[in-house]
Student: 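Here it is, the structure, as structure tokens.
Computed from heavy atoms alone, side chains included, the values below leave out hydrogens, waters and symmetry copies. Positions are given from 1, in the same order as the sequence printed here. Order of listing sets the numbers, starting from 1, for every ligand and every atom in it.
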Amino acid sequence: MRAVVLISGRGSNMEALLQAGLPVEFACVISNRPDAKGLEVARSLGVATAVVDHRQYHGREAFDAALAAAIDGHAPDLVILAGFMRVLTESFVRRYQGRLINIHPALLPAFPGLHTHARALAAGVRVHGCTVHFVTPEVDVGPIIVQAAVPVLAGDDEASLSARVLAQEHRIFPLAVRWFAEGRLRLRDDGTVALAGQSGAGPALISPLPDGG
Ligand code: NHR
Ligand code: GAR
């Protein structure tokens with residue numbers, strides 16, 4: 001299985017994927033920002049990198065066409081958005097339907113879009129988290145593959161909450177990619193997720209815990 005990872009910044013999710021010992025050949029890490037820190041991390045791990053700078057293109061269609069050309073040179077089975085910050089056009093998404101996944105820093109369908117941790121704090125939710133999903137043309141509504149929940153604690157700010165969520169992102173993203181690489185995960189034609197070999201229900205997260213809990 002061959003994968004291409006798209007990033008825009010720090011690249012900690014990308015690094016978690018590269019370091020997870022997955023049965024995946026990471027052919028290339030591509031950033032839309034030349035200064036993305038994740039590019040250096042990828043190189044230091046021996047993975048090829050490329051930049052497709054969105055500022056060099058007039059309009060999303062032209063950028064996405066250049067991005068697709070860079071991706072298709074590697075003939076990937078899976079294209080992974082790992083902190084990739086540009087909304088993709090419908091034609092781009094359709095080209096990679098069923099082999100394009102994203103990690104979103106919220107429990108979708110709550111808090112799609114940007115600034116999810118600040119919005120979760122403002123809403124007063126007691127449970128927050130992250131979601132891996134197949135990408136569809138409409139942003140952040142694609143079929144959900146796996147989610148992890150964390151408590152929102154008294155005194156949390158954006159930094160503390162995002163760090164707690166990020167630790168779970170680094171667990172569930174490699175898990176989802178492993179399922180895909182093992183042929184256990186696919187997007188059905190009806191838009192639902194098929195995952196083979198799932199065992200029984202795990203523990204529940206209750207936040208805040210009742211007194212004495
Ligand atoms: N594209 C499609 N068509 N569908 C999705 O589900 C996508 C997508 C592209 C990216 C990631 C997503 C997230 O997890 C993602 C999912 C960027 C924006 C955004 O508004 C929104 C959602 C996501 C990523 N980006 C601004 C834009 O104008 C730029 C913001 C910036 O550069 O900082 O593209 O949250
Ligand atoms: C992650 O929290 C990821 O879920 C989020 O940005 C961070 C990237 O960190 N993605 C988005 O907000 C997509 N719009 P990373 O570069 O260290 O993986």
Side-chain angles (χ1 to χ4, degrees), residues 4-20 26 29-42 45 47 49 52-65 67-68 71 79-120 128-150 158-177 187 191 193:
V4 166
V5 183
L6 305 187
I7 65 169
S8 296
R10 179 178 54 185
S12 73
N13 275 292
M14 170 213 76
E15 183 174 6
L17 293 169
L18 297 184
Q19 303 268 38
F26 289 98
V29 169
I30 304 176
S31 174
N32 66 300
R33 294 193 178 274
D35 59 347
K37 285 280 167 283
L39 290 171
E40 296 161 29
V41 178
L45 293 171
V47 175
T49 61
V52 182
D53 185 344
H54 65 278
R55 292 166 304 183
Q56 307 284 322
Y57 298 88
H58 286 288
R60 293 185 189 266
E61 292 286 351
F63 168 67
D64 282 10
L67 187 60
I71 292 168
V79 178
I80 302 171
L81 307 184
F84 183 72
M85 297 305 293
R86 300 299 299 176
V87 170
L88 297 161
T89 56
E90 173 157 5
S91 59
F92 181 99
V93 172
R94 291 210 184 290
R95 180 184 194 89
Y96 301 105
Q97 182 148 320
R99 51 191 180 110
L100 180 60
I101 65 174
N102 175 51
I103 187 144
H104 180 75
L107 287 175
L108 291 172
F111 311 116
L114 304 177
H115 313 297
T116 56
H117 306 305
R119 288 159 59 211
H128 185 44
C130 48
T131 303
V132 179
H133 65 92
F134 284 105
V135 173
T136 55
E138 203 184 335
V139 177
D140 291 340
V141 304
I144 292 170
I145 298 164
V146 58
Q147 298 183 300
V150 301
E158 232 180 305
S160 62
L161 183 57
S162 67
R164 193 174 305 119
V165 171
L166 190 66
Q168 298 309 311
E169 295 184 41
H170 296 166
R171 296 179 63 189
I172 67 170
F173 214 10
L175 190 60
V177 172
L187 181 62
V193 171

Student: May I ask whether I103 places a heavy atom under 4.0 Å from ligand 1?
Tutor: yes

Student: What about N102: any of its N or O atoms under 3.5 Å from an N or O on ligand 2?
Tutor: no

Student: Which residue supplies the protein heavy atom nearest to atom 19 (C) of ligand 1, what is that atom called, and how far is it?
Tutor: V87 CG2, 3.6 Å

Student: Just wondering, do H54 and R33 contact through their side chains at under 4.5 Å, heavy atoms?
Tutor: yes

Student: At what distance, to the nearest 0.5 angstrom, does CD of Q56 lie from CZ of F63?
Tutor: 11.0 Å

Student: Counting only N and O atoms by type, is there a donor-acceptor contact under 3.5 Å from the side chain of R119 to the main-chain atoms of P112?
Tutor: yes

Student: Closer than 4.0 Å to some heavy atom of R60 - which atoms of ligand 1 meet that?
Tutor: 27 (C), 28 (O), 34 (O)

Student: CD/E169 to OG/S162 distance, rounded to the nearest 0.5 angstrom?
Tutor: 9.0 Å

Student: If we ignore hydrogens and angles and just use 3.5 Å, is the side chain of D64 paired with the main-chain N or O of T89 as donor and acceptor?
Tutor: yes

Student: Counting non-hydrogen protein atoms only, what is the nearest one to atom 9 (C) of ligand 1? Give residue, atom name and distance.
Tutor: R86 O, 3.2 Å

Student: Output the distance between atom OG1 (T136) and atom CD (E90), rounded to the nearest 0.5 Å.
Tutor: 9.5 Å

Student: As an exercise, state the distance from CG of L45 to CG of L18, rounded to the nearest 0.5 Å.
Tutor: 5.5 Å

Student: Which residue holds the protein heavy atom closest to atom 6 (O) of ligand 1, what is that atom called, and what is the gap in Å?
Tutor: D140 N, 2.9 Å

Student: Number the atoms of ligand 1 from 1 as they appear, then name those within less than 4.0 Å of a heavy atom of V93, with their elements.
Tutor: 3 (N)

Student: Determine whether a donor-acceptor pair (N or O, by modelled atom type, separation under 3.5 Å) exists between the side chain of S31 and the backbone of A36.
Tutor: no

Student: Taking atom CD of Q168 and atom SG of C130, what is their separation to the nearest 0.5 Å?
Tutor: 6.5 Å

Student: Kindly identify the option in H104, R33, E138 whose heavy atom sits closest to atom 13 (C) of ligand 1.
Tutor: H104

Student: Does I103 come within less than 4.0 angstrom of ligand 2, counting non-hydrogen atoms of the residue?
Tutor: yes

Student: Tell me which part of N102 gets within contact of ligand 1: side chain, backbone, both or neither, using heavy atoms under 4.0 Å.
Tutor: side chain

Student: Which residue and atom name correspond to the protein heavy atom nearest atom 13 (C) of ligand 2, and how close is it?
Tutor: M85 SD, 3.4 Å

Student: Going by the atom numbers of ligand 2, which of them fall below 4.0 Å from some non-hydrogen atom of N13?
Tutor: 1 (C), 15 (P), 17 (O), 18 (O)

Student: Tell me: protein heavy atom nearest atom 2 (O) of ligand 2, and distance?
Tutor: E169 OE2, 2.9 Å

Student: How close does the nearest protein non-hydrogen atom get to atom 24 (C) of ligand 1, and which residue and atom is it?
Tutor: F84 O, 3.6 Å

Student: Show the nearest heavy-atom pair for residues A68 and F92, with the distance to one decimal.
Tutor: N-CE1, 4.0 Å

Student: Of the backbone atoms (N, CA, C, O) and the side-chain heavy atoms from C-beta on, which set of T136 has a member under 4.0 Å from an atom of ligand 1: side chain, backbone, both, or neither?
Tutor: backbone

Student: Write out the residue and atom name of the closest protein heavy atom to atom 3 (N) of ligand 1, then the distance separating them to 0.1 Å.
Tutor: L88 O, 2.9 Å

Student: Can you check whether H128 reaches R164 side chain to side chain, under 4.5 Å on heavy atoms?
Tutor: no

Student: So is G11 in contact with ligand 2, going by heavy-atom distances below 4.0 Å?
Tutor: yes

Student: Considering non-hydrogen atoms of the protein only, which is the closest contact for atom 7 (C) of ligand 2, and what is the distance?
Tutor: R10 NH2, 4.1 Å

Student: Would you mind telling me if ligand 1 is within reach of the side chain of P137, the backbone, both or neither, using heavy atoms under 4.0 Å?
Tutor: backbone

Student: Could you list the atoms of ligand 1 found under 4.0 angstrom from a heavy atom of V135?
Tutor: 2 (C), 4 (N), 5 (C), 6 (O)

Student: Passes side chain to side chain contact (heavy atoms under 4.5 Å, CB included), I80 versus F26? Steps please.
Tutor: CA-CA 10 Å; I80 302 171; F26 289 98; 4.1 Å; yes

Student: Output the list of atoms in ligand 2 that are nearer than 4.0 Å to some heavy atom of S12, sorted by atom number.
Tutor: 15 (P), 16 (O), 17 (O), 18 (O)

Student: In the protein, which heavy atom is nearest to atom 22 (C) of ligand 1, and how far is it?
Tutor: V139 CG1, 3.5 Å

Student: Report yes if P105 has an N/O atom closer than 3.5 Å to an N/O atom of ligand 1; otherwise report no.
Tutor: no

Student: Suppose I only count heavy atoms of G83 and a 4.0 Å limit; which atoms of ligand 2 are within that range?
Tutor: 8 (C), 10 (N)

Student: May I ask you to test the F84-V79 pair for a side-chain heavy-atom distance under 4.5 Å?
Tutor: no

Student: Mind checking whether H133 has a heavy atom under 4.0 Å from ligand 1?
Tutor: yes

Student: For atom 15 (C) of ligand 1, which of L81, D64, L108, T131 has the closest heavy atom?
Tutor: L81

Student: Among all protein heavy atoms in this structure, tell me which lies nearest to atom 33 (O) of ligand 1, with the distance rounded to 0.1 Å.
Tutor: M85 CE, 4.1 Å

Student: Drop me the distance from D140's CG to T116's OG1, to the nearest 0.5 angstrom.
Tutor: 9.5 Å

Student: Name every donor-acceptor pair, under 3.5 Å, that has one atom in a side chain of residues 99-109 and the other anywhere in the protein, sequence neighbours excluded.
Tutor:
| residue | atom | partner | partner atom | Å |
| --- | --- | --- | --- | --- |
| R99 | NH1 | P76 | O | 2.9 |
| R99 | NH2 | R95 | O | 3.4 |
| N102 | ND2 | H133 | NE2 | 3.0 |
| H104 | NE2 | F111 | O | 2.7 |

Student: Is it true that G113 lies under 4.0 Å from ligand 1, counting heavy atoms only?
Tutor: yes

Student: Please tell me if the side chains of Y96 and I71 come closer than 4.5 Å, counting only heavy atoms from C-beta onward.
Tutor: yes

